[in-house]
Amino acid sequence: MYEIARRHLGKVVAGAAMAVTGTAVAVAISLPGSAGANGAAGTAGTAGVAGTAGSGGTSAGGGSAGETGQGQAGTTAGGTAEAGAQAAGSAPPPATVAPAAAEGDKGIGSDPLTDDELTRAEELALAPPAAAAQENVEGGKGPQHLGTVLADPLPGDGSRRAEVRFYDYARDELVTRTVNLGTGKVERSAAQRGVQPSAHPEELREALELILASPLGKGVKEDYKDATGKELTSTGQLWFNGDVYRTYREKNVPAQLAECGEHRCVRLVTKVLNGAWIDTRNLIVDLSARTVTRVG
């Protein structure tokens, strides 16, 4: 009986010891996961949030060499990820603009006219003696240049041509000449009356000169002085733009402007340089007659 009781007690003790051992093993298995989580979280955290969580993982990773090793591994991986994140977030090198290709003397095909071609076309179109009898917007010799464009090519002909437009203030005519840039000849010339293309900047400047010289320009000068405290003495003190005054767009056209359309008339908008607007829209300039009329 005693022997049986002793054996039974031994089994109980052995079972308890195994249970304790099993619990210890379970705890041991869990604890390295928690401790190692510091290092693992450091790695994941470092990769995800620029290494902040990784640093925290390293600080928490104390204890055994295994845990410290895991924490260090997290720091190393985190450091690599952090460097990559910083590299990815760094500013790109400054952009560079490639210089424009040098413009040749002559264009090819439908290329825009070069500066040399524009100059040559205007010179060819202004060949004497016809130009000597024409007048520009200031009343000087030669017509007023309005613009030069590449002419449409002729079928089967690869020559480049330019269409040059002038306004002859002596006759109130729009003159259009087509020049062959290869041969240097004027191939076509036409004159039209009652056709008014958009105004050239030189024409707009002359219109402003006429306004300032007119009694009607007194209000413009007063508005300028109110805005700046200075006297208005030249067109260079104003920004200006404008275009042709077209009578068919107006409800009431004063008798003084009845010839606009046959005459070259313009309307301006002006403002102080980098400053206030000055209303000149009610002042119409007849460049052909060199007069200023108030409308409205």
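These numbers were taken from a predicted model, which means no experiment stands behind them.
Between the NZ atom in K271 and the OG1 atom in T280 there is a gap of 12.5 Å [rounded to 0.5 Å]. Rounded to the nearest 0.5 Å, atoms CG (D223) and CG (L232) are 10.0 Å apart.
Within the structure, disulfide (SG to SG under 2.5 Å) contacts touching residues 212-261 (residues at least two apart or in different chains) are C260-C265. For the ring pair (Phe, Tyr, Trp, His ring centres under 6.0 Å) condition, the pairs that include at least one residue of residues 259-296, sequence neighbours left out, are W239-W277. Each disulfide (SG to SG under 2.5 Å) pair with one or both residues in residues 207-246, not counting sequence neighbours, would appear here, but there are none. Residues in residues 219-257 take part in no disulfide (SG to SG under 2.5 Å) pair, two or more places apart or across chains. Every pair tested for disulfide (SG to SG under 2.5 Å) that includes a residue from residues 206-242 fails, sequence neighbours excluded, so the list is empty. Residue pairs satisfying the side chain to side chain donor-acceptor pair (under 3.5 Å) criterion with at least one member in residues 244-260, sequence neighbours excluded, are listed as follows: E250-R267.
Atom CD1 of I108 is surrounded by 12 or fewer heavy atoms from other residues, nucleotides or ligands within 6.0 Å. Enclosure of atom CG in D226 by more than 12 non-hydrogen atoms of other residues, nucleotides or ligands within 6.0 angstrom is indicated.
For N136, the side chain to side chain contact (heavy atoms under 4.5 Å, CB included) partners at least two apart in sequence or on another chain are E138, Q144. Listed by chain and residue number, R281 satisfy the salt bridge (charged side-chain N to carboxylate O under 4.0 Å, His left out) test with D279 (two or more places apart in sequence, or in another chain). For S189, the side-chain hydrogen bond (donor to acceptor under 3.5 Å, both in side chains) partners two or more places apart in sequence, or in a different chain, are R177. Applying the side chain to side chain contact (heavy atoms under 4.5 Å, CB included) test to L124 and every residue at least two apart in sequence or in another chain returns R120, V179.
Under the 3.5 Å distance criterion, the side-chain polar atoms of T178 are left unmatched by any main-chain donor or acceptor of E163. Formation of a donor-acceptor pair under 3.5 Å by the E117 side chain with backbone atoms of G107 is found in this model. When atom types are taken as modelled, the side chain of T228 and the backbone of Y224 share a donor-acceptor pair closer than 3.5 angstrom. Remark: side-chain polar atoms of T148 are not paired, donor with acceptor, to backbone N or O of L118 under 3.5 angstrom.
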Would you check, one step at a time, whether the test salt bridge (Lys or Arg N to Asp or Glu O under 4.0 Å) holds for E231 with K225? CA-CA 6 Å; E231 299 291 337; K225 189 169 185 179; 2.8 Å; yes
As a quick check of understanding, evaluate side-chain contact (heavy atoms from CB on, under 4.5 Å) for T270 and I211, giving each step before the final call. CA-CA 11 Å; T270 60; I211 289 175; over 6 Å; no
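L283 has its side chain out of reach of L268: every pair of non-hydrogen atoms, C-beta onward, lies at least 4.5 Å apart.
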Check: residues 180-188 side-chain donor-acceptor pairs under 3.5 Å, at least two apart:
unit_1, atom_1, unit_2, atom_2, d
N180, OD1, G182, N, 2.8
N180, OD1, T183, N, 3.1
N180, ND2, E187, OE2, 2.9
T183, OG1, K185, N, 3.4
E187, OE1, R161, NE, 2.6

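A donor-acceptor contact under 3.5 angstrom links the side chains of Q237 and T233, judged on distance only. T114 and D116 share no side-chain donor-acceptor pair at under 3.5 Å.
Under the 4.5 Å side-chain contact rule for hydrophobic residues, V266 and L257 do not share a cluster. Hydrophobic clustering (ILVMFWY, side-chain heavy atoms < 4.5 Å, transitive): L238 and I284 are in distinct clusters.
In summary, of the residues considered (E209, E135, E206, E203), a salt bridge (charged side-chain N to carboxylate O under 4.0 Å, His left out) with R290 occurs for E206 alone. A side chain to side chain donor-acceptor pair (under 3.5 Å) with Y167 is found for exactly one of R264, Q134, Q196, H200, namely Q196.
Hydrophobic cluster membership of L126, counting Ile, Leu, Val, Met, Phe, Trp and Tyr whose side-chain heavy atoms lie under 4.5 Å apart directly or via other members: V164, F166, V175.
Of all non-hydrogen atoms in V272 and A227, the two that sit nearest each other are CG2-CB, 4.1 Å.
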